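Right, one structure below, let's go through it.
Residue indices begin at 1 and follow the sequence shown. Keep in mind it's a predicted model, so treat the numbers as computed, not measured.
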Amino acid sequence: MALVFVCATCNGFRVTSGRMNGASFGKGVVARVVLALVLVGALVVASFYGLSWYSSLCVRTASINFEGPIIWAATQLGAGQNIYPASAHTAQPWITILYPPLYMLLGALGSLFAGISYVPLRLVSALSTVVAAVFMYKTMRMQACSLAVSLAATAFYFSFGCVLYESAECRPDMLSVAFGVLAMHALVAVLRKRGENSLTWRDMVAPAVLVTISCMAKQQGVVYLLAMVLTLAAGRRIKAAACLGGIWLAGTSSLFFVTEVISGGFMANLTLLSSVRSRTDVLINNLASVGLDWFKVFFALGLAPVGILLNKQPTADERLPLILFFLSSVILSYSMGIPASNVQHLLPALLGLCWWLGLTLRKLPSFLCVVALAFVAVNVKPVYMEQMAYMQMEPRARQDIAKLQSLGLEGKFVLTDDVYINLLTKSKPVFVDCATFINSWKDTGKGFAELNAKIAERQYAAIVISESDVRDGGDKKFRPQTVIRAIKKSYVQKDL
């Protein structure tokens, strides 16, 4: 016997049958199977992060990816010191911090309790990743994406290696991404709530404040602002776009001005690489480092036009991810060609692409969510192998530091790629962010003569360089051969 439910409505009574036919039953089963498989894929991605965060917290001595300048800045701020000295670009010690101070300030608070350690800063990156994942998911749910689609698109983005590695490193990228996602979530919420109604300046306060914080973590946060402003302008909400841009400009310029007044060299640090040209070979090398993740990029790019055809009349908030993808691809492809840059410049573009993938998948057969997460399989072996390699670095790193500490280097100048070694040995740094200076000097032709002269005069108590530099006689991507020859001529090699 079929059940009958009687539902009261404002117009009387509506009668609906409770009988479930075979087709709807089949669809229900398929939906549950798809959701189960998506959950499995999401759990695999979550396991990547669990392992990555565990290894990053275990590896407390070894630098994963030139994290020294950030921890140096956090330690200096914790001690009340200036991290943006105006004269440090032209005389030893050569010091530069290329980022705004927010991330380092958070690390400075942690250093008050943990001392000189990577842990507080890596925890900030990990927590920022969680916030970004939660609000990316919530934004797509707000845009009528199903549970399976929202989970699949979110897990798809966070399965990219460049996102995974940034989440466990002492770098400001994930903090910037988190507040960028929060800003766009706030804008989407306002647009969904207001519909076709006009927006007021008060509606723009939350997105503007959040994207300002994103820019105070890293300058690339400006792409989230530009994407939101263009989204509003494309929807003929010019006043709202102007309000959003105006509030951001007032907030960011005020914070930058205060930081410049306090430090005396903040803007000089941010613009240090402005004269360095973007190079095609650097861009190609950075894009090549995406590796197997290109399969995921091609999959998402292949479905992007389908999403455009299916969303012929997208709402304003649905344009946002596509605008973010195209805008950040153009802007950040230039910055990714600057020497000393790397693949993390792709994070905003990949975010927009994966978000658009979610909006596309909601209009396609649900099994494509499973297909999307099947690409996660390309990451399993590389991720686990690399994390195991990181954990094996720690015992060797501890031994090396102990040997260096036994040399009595305290208070003396020590030339090294990683300023964290200077912190642990209590020696004076020659460089803070060595890679930036080396690459800048290669482009301008300045600096190497003075460095080589100091090496020839044996002004450094010790020089700590990588084994590959010694073996290869100078990496063309980093320290030039003239410097290596000067080191070999004036110093005796001793393996740690």
Checking the side chain of [X] only, and the main-chain atoms of [Y] only, is there a donor and an acceptor separated by less than 3.5 Å?
| X | Y | result |
| --- | --- | --- |
| Ser253 | Ala250 | yes |
| Asp203 | Thr200 | yes |
| Ser150 | Leu147 | no |
| Glu166 | Thr129 | no |
| Arg362 | Leu359 | yes |
| Trp356 | Ala304 | yes |
| Arg141 | Cys145 | yes |
| Trp248 | Val222 | no |
| Ser341 | Met336 | yes |
| Ser278 | Tyr334 | yes |

**Report entry** Test side chain to side chain contact (heavy atoms under 4.5 Å, CB included) applied to Pro69 and Val432, Thr96, Leu98, the passing residue
**Finding:**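 Checked Val432, Thr96, Leu98 against Pro69; only one passes side chain to side chain contact (heavy atoms under 4.5 Å, CB included): Val432.
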Non-hydrogen side-chain atoms of [X] and [Y] separated by less than 4.5 Å:
| X | Y | result |
| --- | --- | --- |
| Ile97 | Asp433 | no |
| Leu347 | Tyr157 | yes |
| Trp94 | Leu451 | yes |

Would you name the heavy atoms of [X] and [Y] that are closest together and state the gap between them?
| X | Y | answer |
| --- | --- | --- |
| Tyr103 | Leu121 | OH-O, 2.7 Å |
| Val38 | Cys369 | CG2-CB, 3.8 Å |
| Val211 | Ala183 | N-CB, 3.7 Å |
| Leu361 | Leu368 | CD2-CB, 3.7 Å |
| Pro100 | Cys215 | CG-O, 3.3 Å |

Test item: side-chain donor near acceptor, [X] and [Y], under 3.5 Å:
| X | Y | value |
| --- | --- | --- |
| Thr416 | Asp418 | no |
| Ser263 | Asn82 | no |
| Ser214 | Ser176 | yes |
| Asp173 | His345 | no |

Requested in this report: Indicate the ring-plane relationship of Tyr84 and Phe266, choosing parallel, tilted or perpendicular according to the 30° and 60° boundaries.
Outcome: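 Rings of Tyr84 and Phe266: perpendicular, over 60°.
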Query raised in the report: In terms of the angle between their ring planes, are Tyr49 and Phe158 parallel, tilted or perpendicular, with boundaries placed at 30° and 60°?
Result: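 Perpendicular.
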Query raised in the report: Are Arg279 and Asp281 close enough for a salt bridge, meaning some N to O gap below 4.0 Å?
Result: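 Here Arg279 pairs with Asp281 in a salt bridge, since their nearest N and O are under 4.0 Å apart.
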Is the centre of the [X] ring less than 6.0 Å from the centre of the [Y] ring?
| X | Y | value |
| --- | --- | --- |
| Trp441 | Phe431 | yes |
| Phe295 | Phe375 | no |
| Tyr420 | Tyr118 | yes |

Query raised in the report: Would Leu350 and Cys162 satisfy side-chain contact (heavy atoms from CB on, under 4.5 Å), going step by step from the backbone distance to the final call?
Result: CA-CA 10 Å; Leu350 291 175; Cys162 56; 3.6 Å; yes
Requested in this report: Decide side chain to side chain donor-acceptor pair (under 3.5 Å) for Trp355 and Gln143; before the verdict, give the C-alpha distance in whole Å, the side-chain angles of both, and the deciding distance to 0.1 Å.
Outcome: CA-CA 11 Å; Trp355 184 1; Gln143 294 176 305; 2.8 Å; yes
Query raised in the report: Looking at Phe160, does the NZ or CZ of Lys296 lie under 6.0 angstrom from its six-membered ring centre and within 45 degrees of the ring axis?
Result: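 Relative to the ring axis of Phe160, which defines the angle, Lys296 lies inside both limits.
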**Report entry** Chi angles and distances behind the side-chain contact (heavy atoms from CB on, under 4.5 Å) call for Leu230, Leu327
**Finding:** CA-CA 10 Å; Leu230 287 177; Leu327 183 69; 4.1 Å; yes
Requested in this report: Using ring pair (Phe, Tyr, Trp, His ring centres under 6.0 Å) as the criterion, list what pairs up with His185, not counting sequence neighbours.
Outcome: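 His185 satisfies ring pair (Phe, Tyr, Trp, His ring centres under 6.0 Å) with Phe135 once adjacent residues are dropped.
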Query raised in the report: Going through the distances and angles, do Leu351 and Phe325 end up as a side-chain contact (heavy atoms from CB on, under 4.5 Å)?
Result: CA-CA 7 Å; Leu351 174 64; Phe325 168 66; over 6 Å; no
